[in-house]
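Notes to accompany the following structure.
First the proteins, then the strands, lettered A, B, ... as listed; each starts at 1.
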Number of protein chains: 2
Amino acid sequence: MTKKVKNKNGAVTIEMVAAEAGVSKTTVSFVLNNNPTISEKTRRKVLDIVQSLRYQPNVNARNLSSRKNKTICVVVPEFGHIFEDPYFSRALGGVYDEIEAMDYRITLRKASLSFASNKEFLNLFRSSEISGMIYVGSTLDDYYLADFAGSDFPFVFMNSYLPGVEIPYVMVDCVKVGLLATNHLISLGHKRIARVAGSSNTVTARDIGVGYRKALREAGIEYDSKLEIGDTYSPEAAVEAVLKLLDSDKSATAFMVANDIMAYSIMEALNRKGMRIPGDCAVIGCDNIDFSRLISPPLTSVDLKVFETARETVRLLFKTIEAGAEKVQMSKIIEPKLIIRSSCGEKNIIA
Amino acid sequence: MTKKVKNKNGAVTIEMVAAEAGVSKTTVSFVLNNNPTISEKTRRKVLDIVQSLRYQPNVNARNLSSRKNKTICVVVPEFGHIFEDPYFSRALGGVYDEIEAMDYRITLRKASLSFASNKEFLNLFRSSEISGMIYVGSTLDDYYLADFAGSDFPFVFMNSYLPGVEIPYVMVDCVKVGLLATNHLISLGHKRIARVAGSSNTVTARDIGVGYRKALREAGIEYDSKLEIGDTYSPEAAVEAVLKLLDSDKSATAFMVANDIMAYSIMEALNRKGMRIPGDCAVIGCDNIDFSRLISPPLTSVDLKVFETARETVRLLFKTIEAGAEKVQMSKIIEPKLIIRSSCGEKNIIA
DNA sequence: CTGTTAGCGCGTTCAC
DNA sequence: GTGAACGCGCTAACAG
């Protein structure tokens, strides 16, 4: 005696399962949610019906009733082709895996204008669309996010933060990145070390600069502001800046570059000018993308430990979610790692 | 006289807005959904209250009640670091923009084992989590997806399809890709043209091979199966295959490569063997990623028109969604475009 | 151990 | 032009 087997959506509901199994909706709900107060016998029976009817709980109804929503919003800045950026795509991949491992869903978002100005990022919480949010690589232009400091919407930065604002974050130690890279160059005997910087509206670029200058200072090398060039992550612009520097000042024997793609482009440009690497000039990148192994010479780079950072970020977010009202105001710093290949002329090749 | 302003979630509900505005829930709902039967006066009043209370409709309640869900699931294969693959990240970016433009949400998914075997991909529909799905670059191992042919869950392939299965798709004409690339090489006088193929469990690779062989045949060049090498998208494996070929047969004067990164790696390897490009050997890629402009020599490549493909895919998906039961069984083919740079020795540089 | 019942927040038909 | 009332599918006290 089968009764109605589909609702208006063409979907099977908990009620039909209950009817078919000869129990109440509650019982079905209990077995589905692993409530232990159900006899093994009815449990199996219900599960059988669920199987044969291909019953799948309506997520919207479940969310509404339980006041929960197992989805996390991952936000990335709105640069040109952000998803093609090796750094962000790695970050996205890392965050994805960790969130999926928690059995949560991911919804993607670019930090577009509307996202910011209409406070859409808060509305996602108010409308119960998401229960947590991770912003990967925000910039210093994103101060509108300071709103999160007051709210108790679970929100965490990955590889960025807002100076002066109490919002949890996880990021690689970028001062250390600058230190590691610069010290490596120094240890190889370089004294005129140029830095090709990333966007200055980024804490990562800012901190790498701090490390760079600190390393020079500690080594007793005079800082020359003319050697600090560039203010973007564009490879073309980086090449242009380097070429311009070389026009006026040929003293630089090494380049510390904001990321690997930029470093690669600079090596190409240097090559075209007839300079050999590392013979005539050393180049070091930051990021350590897969690609850096493939090029010649293989690029020495500082590994940003993106996956580890992603893992810790997600971990922190979930802590924040579980904490509820009581704030979890712990941020975390990840250790970067120098990967020595050949672009700086070291023999000691690791990867 | 403000009454209760927050519910158990700490959220504002439609009821509170109604109370504050001195109207009924229906009225609020009507203005929110632009029902014209509301006087301008009350409309404004309600909207004011909505603003001041920061009211945001509960998506779950709305979805449940309206039996709709404005979210699309974007699926990518589960290769190693799929999001870092330039091809997939471009595709993802394109699809993202189009879906966002439709004011829909994106939820990401890797086609993991569980995704396939537990028929999770169908459950996403059954549970009302999504109202449409796009699979970017599926493989011939994904025949489990044939289930969609029977269902009326809106599903579309981007740049892949299942031979013999009636599921709509949009893809770039890969036979044409093979034709374009091979003919270009032929027009430059090459007769011994090697093909470094992508994974054979992929319709794109398969079709490119068809185009390759067709071009040879039409030019009266004898096909030599020894010149068709490789069966993966791994740059390292591609290099290995090329090196192996060169060990036994040095007759190849040109390489048609499955994608740009592989092409780049092969150029590097060739360089290391002392071969100059394009002097000693021509190399052409498929994809035309940004990066291919930056390298030296700039890579000649066939542009896969990823963004156009993405746009059409999303368009087709929405047609399918709107069609409901009545099937929209139209697939679409996109024209690829040859981009001539210097890696094949042409003077006629375009980009 | 299981069923009854009352919401969850919103959309919508049908009177008024 | 507006409101009362019911339904969406599910969870969770509270009984029994």
- Task: Return the value, rounded to whole Å, for the distance between atom CG of N63(B) and atom C1' of dC8(C).
- Result: 14 Å

- Between C1' of dG1(D) and NZ of K41(B), the distance in whole Å: 11 Å

- Item | Pairs satisfying salt bridge (charged side-chain N to carboxylate O under 4.0 Å, His left out), at least one member in residues 135-147 of chain B, at least two apart | K119(B)-D147(B)

- Item | Under 4.0 angstrom between N33(B) side-chain N/O and dG11(C) OP1 or OP2 | yes

- Task: Could you list all the salt bridge (charged side-chain N to carboxylate O under 4.0 Å, His left out) pairs where at least one residue sits in residues 101-115 of chain A, not counting sequence neighbours?
- Result: K70(A)-D103(A), D103(A)-R105(A), R105(A)-E129(B), R109(A)-E120(A), K110(A)-D97(B)

Going by atom type alone, with no hydrogens or angles, which donor-acceptor pairs under 3.5 Å involve a side-chain atom of residues 72-84 of chain A and a protein atom two or more places apart or on another chain?
residue, atom, partner, partner atom, Å
H81(A), ND1, E84(A), OE2, 3.2
E84(A), OE1, R90(B), NH1, 3.2

- Task: Report the distance from atom CZ of R62(B) to atom C1' of dG11(C), rounded to the nearest whole Å.
- Result: 9 Å

- Rounding to a whole Å, what distance do you find between L64(A):CG and dG7(C):P? 14 Å

- Task: Let me know the distance between NZ of K68(A) and C1' of dC10(D), rounded to the nearest Å.
- Result: 13 Å

- Task: Quickly work out the N58(B) CG to dG11(C) P distance and round it to whole Å.
- Result: 10 Å

- Round to a whole Å and report the spacing from CD of E15(A) to C1' of dT11(D). 14 Å

- Expressed in angstrom and rounded to an integer, what is the separation of R67(B) atom CZ from dC10(D) atom P? 13 Å

Which pairs would a plain distance check flag for residues 310-324 of chain A, meaning a side-chain donor or acceptor within less than 3.5 Å of a matching protein atom at least two apart in sequence or in another chain?
residue, atom, partner, partner atom, Å
T313(A), OG1, T309(A), O, 2.6
T320(A), OG1, L316(A), O, 2.8

N/O to N/O distances under 3.5 Å, protein versus nucleotides 2-4 of chain C:
residue, atom, partner, partner atom, Å
dT2(C), OP1, S39(A), OG, 3.2
dT2(C), OP1, T42(A), OG1, 3.2
dT2(C), OP2, S39(A), N, 3.1
dT2(C), OP2, T42(A), OG1, 3.2
dG3(C), OP2, S24(A), N, 3.0
dG3(C), OP2, T27(A), OG1, 2.8
dT4(C), O4, T26(A), OG1, 2.6

- Item | Summary of salt bridge (charged side-chain N to carboxylate O under 4.0 Å, His left out) pairs that have at least one residue in residues 51-60 of chain A, sequence neighbours excluded | none

- Are a donor atom and an acceptor atom from the side chains of T26(A) and S29(A) found within less than 3.5 Å of each other? no

